[in-house]
Amino acid sequence: MKTNLFACRALAVIVLLASVGCGQEQGADEARPAPPRADAATADAPASGELAQLAVLDSDLADIPVGGHCSLDAINGHPAPEAALTVGDEVVFSGWVGDAQGQVPDSVHFVLVSQGLSYDAMLDVGVDRLDVAQALGQPGLARSGFGLSTVLAIEPGTYTLAALMGSPAGSKCLFNVDLVVAAR
């Protein structure tokens, strides 16, 4: 019985790891393994406990090149693609982000982009993610994790989520997650 339970758990972990992905880098080496996502149930939130304010983004992101590595692991402790949110909800986004050189960027903004209004918040990066550094073979990503707590004081709609790196933005990393935010 214990052998069957162990085998089932091992298979579940393999299936989970095989199904996760990360953001892309143009020209990225396809042979490089995808780093694991943090356990969604224990994903780190910001240490400060303060809520970040989302501001209307007043620039066009279309001309910013795609680059770097990133992953949005969880939304409110659940795998990112499973989130169902409403305007006014408090939310915690967690994951990791790194630039094309395998380093934690000095300046990162978390952005929610839609056909209408888009929003951003400064992202504090610095949570331990040794799993990411090891999986990508990039020691500079050991503290690439983030947790962003905010209130969705935004217009309802569908948003593409990304990280803008650099100041001014030198590249954007797409989280490959679309977030639907319903009206109250």
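Between Phe93 and the options Leu123, Asn76, Leu179, Asp73, a side chain to side chain contact (heavy atoms under 4.5 Å, CB included) holds for only Leu179.
Distance alone, capped at 3.5 Å, places no donor-acceptor pair between the Ser71 side chain and the Trp96 backbone. Counting only distance, with no hydrogens or angles, the side chain of Lys172 and the backbone of Met165 share no donor-acceptor pair below 3.5 Å.
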Next on the checklist: Run the side-chain contact (heavy atoms from CB on, under 4.5 Å) test on Val92 and Leu148 for me, step by step, so that the C-alpha distance in whole Å, both residues' side-chain angles and the decisive distance to 0.1 Å come before the verdict.
Outcome noted: CA-CA 5 Å; Val92 177; Leu148 174 73; over 6 Å; no

Checklist entry - Val132 and Ser144: side-chain contact (heavy atoms from CB on, under 4.5 Å), yes or no, with the steps? => result CA-CA 8 Å; Val132 172; Ser144 61; 4.0 Å; yes

Checklist entry - Are Glu90 and Thr150 close enough, and set up right, to give a side-chain contact (heavy atoms from CB on, under 4.5 Å), and what steps lead you there? => result CA-CA 6 Å; Glu90 189 171 321; Thr150 190; over 6 Å; no

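Between Leu57 and Tyr119, the closest side-chain pair of non-hydrogen atoms is not below 4.5 Å. Under the 4.5 Å side-chain criterion, counting only non-hydrogen atoms from C-beta, Val104 is in contact with Val125. The closest side-chain heavy-atom distance from Gln103 to Leu141 is not below 4.5 Å.
When the side-chain contact (heavy atoms from CB on, under 4.5 Å) test is applied to Val180, the partners found at least two apart in sequence or on another chain are Thr158. In this structure, the side-chain contact (heavy atoms from CB on, under 4.5 Å) partners of Ala55, at least two apart in sequence or on a different chain, are Asp120. With sequence neighbours excluded, no residue forms a salt bridge (Lys or Arg N to Asp or Glu O under 4.0 Å) with Asp178.
The pair Arg184-Asp89 meets the salt-bridge criterion, since a charged nitrogen lies less than 4.0 angstrom from a carboxylate oxygen.
Shortest non-hydrogen contact noted between Thr86 and Val181 is C-CG1, 3.8 Å. Residues Pro65 and Gly170 share a closest heavy-atom pair of CG-O, 3.4 Å.
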Which donor-acceptor pairs under 3.5 Å do side chains of residues 111-118 form with protein atoms, sequence neighbours excluded?
from	atom 1	to	atom 2	distance (Å)
Ser114	OG	Gly116	N	3.1
Ser114	OG	Leu117	O	2.5
Ser118	OG	Ser114	N	3.2

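Under the 6.0 Å cut-off for aromatic ring centres, Phe175 and Tyr159 do not qualify, their centroids lying 6.0 Å or more apart.
For residues 106-116, the set of pairs meeting the salt bridge (Lys or Arg N to Asp or Glu O under 4.0 Å) definition, not counting sequence neighbours, is empty. Applying the salt bridge (Lys or Arg N to Asp or Glu O under 4.0 Å) rule to pairs touching residues 133-153 yields Asp128-Arg143, sequence neighbours excluded.
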